[in-house]
Amino acid sequence: MITCDVFGAYTIPKSVFIDYLNDEYVSSMRKYFANIIGFYRDNVIKNLDKVLAATKGNIEIIAPAHGAVIKGSLVNKAIDLYREFALKTPVDRKVMVVYSSMYGFVDGIMSHVTHVLSDWGFNVGIYKFTDKERASIGDLIGEVNNALGIVLGVSTYDTEPFPLMDYVINLLIKKLRGGGKPVLLIADYGWGDVVLRHVKTRLEKAGFTVIDAISVNGILTKEDLDKIDIALQSFKQALTQ
Ligand SMILES: Cc1cc2nc3c(=O)[nH]c(=O)nc-3n(C[C@H](O)[C@H](O)[C@H](O)COP(=O)(O)O)c2cc1C
């Protein structure tokens, strides 16, 4: 089966064939899938089923245009993985914490969120988008594909989400087509609490389940922290259902 982008990976393997699909190779396949063909995920499943029916499952070799050629017993494993990618099946108790922060207020909130989630045994992937640091968008798209859920921390910038975060939210909506993942949304503002509602509506329209949405005015207060802790409990419940 010659598949072009499907079953591809970012890595350039040492040999044409690969002997085993280890974690490193699988995460390269996942990243490739999510970034390059995630937008077409429904077609992947549909056409994979068509090919499997036509060949009665007798596929000896998968030869993608990128990465290694897969053969023998690895073929079925790669097909199972592809279903996992296309269906966004959660793996590794992964939870993504994705945020922007200009003065560090959201940063402080997300440190708390990360500690709580880690203490509960979730595998937290932190992606921070600020003036000084910018996480890899390709890695984020790859990891979020099979995450259990997402915490989004958004600071308010000229009545809108901080521009980098706005871009990231749009990309998540596009690449996770159909949404489906639980989201905990926290927005921080100085004088106008407008971003929270705006982002929540966008996410819900795109099919994400917003478990809770909390606005914080500047620096975190004890009351905010209590609200966030209650929201985290609901979020945890949604992740473990
Ligand atoms: C360039 C800039 C634009 C901002 N625009 C708004 C705004 O339109 N509305 C608002 O309520 N706060 C605005 N703020 C204030 C921040 O949203 C607020 O201080 C928030 O607490 C920042 O959180 P952070 O430090 O995590 O980014 C702005 C701040 C900056 C630096």
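Remember, it's 1-based here, ligands and their atoms both numbered in the order they're listed.
Ligand 1 places these atoms under 4.0 Å from at least one heavy atom of G192: 10 (C), 11 (O). Of all the atoms in ligand 1, the ones that sit under 4.0 Å from a non-hydrogen atom of G218 are 21 (O). The G104 neighbourhood of ligand 1 comprises atoms 25 (O), with distances under 4.0 Å to a heavy atom of that residue.
Within the 3.5 Å criterion, the main-chain N or O of A63 finds no donor-acceptor partner in the side chain of K71. The backbone N or O of G138 sits less than 3.5 Å from a side-chain atom of N35, completing a donor-acceptor pair.
Taking the charged nitrogens against the carboxylate oxygens, K222 and D226 do have a contact shorter than 4.0 Å, which makes a salt bridge.
Nearest-heavy-atom check against atom 17 (O) of ligand 1 across V106, D107, T156 picks out T156. Scanning W191, F162, Y157, Y189 for the heavy atom closest to atom 1 (C) of ligand 1 points to Y157.
Among protein heavy atoms, atom 24 (P) of ligand 1 sits closest to M102 N, 3.3 Å. Ranking the protein heavy atoms by distance from atom 12 (N) of ligand 1 puts G190 N, 3.0 Å first. Ranking the protein heavy atoms by distance from atom 8 (O) of ligand 1 puts T159 N, 2.6 Å first. The nearest protein atom to atom 20 (C) of ligand 1, hydrogens excluded, is given as D188 OD1, 3.6 Å; this is a heavy-atom distance. For atom 25 (O) of ligand 1, the nearest non-hydrogen atom of the protein is Y103 N, 2.6 Å. For atom 5 (N) of ligand 1, the closest heavy atom belonging to the protein is D158 N, 2.8 Å. At the top of the distance list for atom 23 (O) of ligand 1, counting protein heavy atoms only, stands S155 CB, 3.7 Å.
The CG atom of L164 lies 12.0 Å from the CD atom of E133; values are rounded to the nearest 0.5 Å.
By the 6.0 Å and 45° rule, K128 does not stack over the aromatic ring of Y99. Remark: R177 qualifies as a cation-pi partner of F39 under the 6.0 Å distance and 45° angle criteria applied to the six-membered ring. Under the 6.0 Å distance and 45° angle rule, R30 does not count as a cation-pi partner of F85.
At a threshold of 4.5 Å between non-hydrogen side-chain atoms, the residues E223 and V216 do not count as touching.
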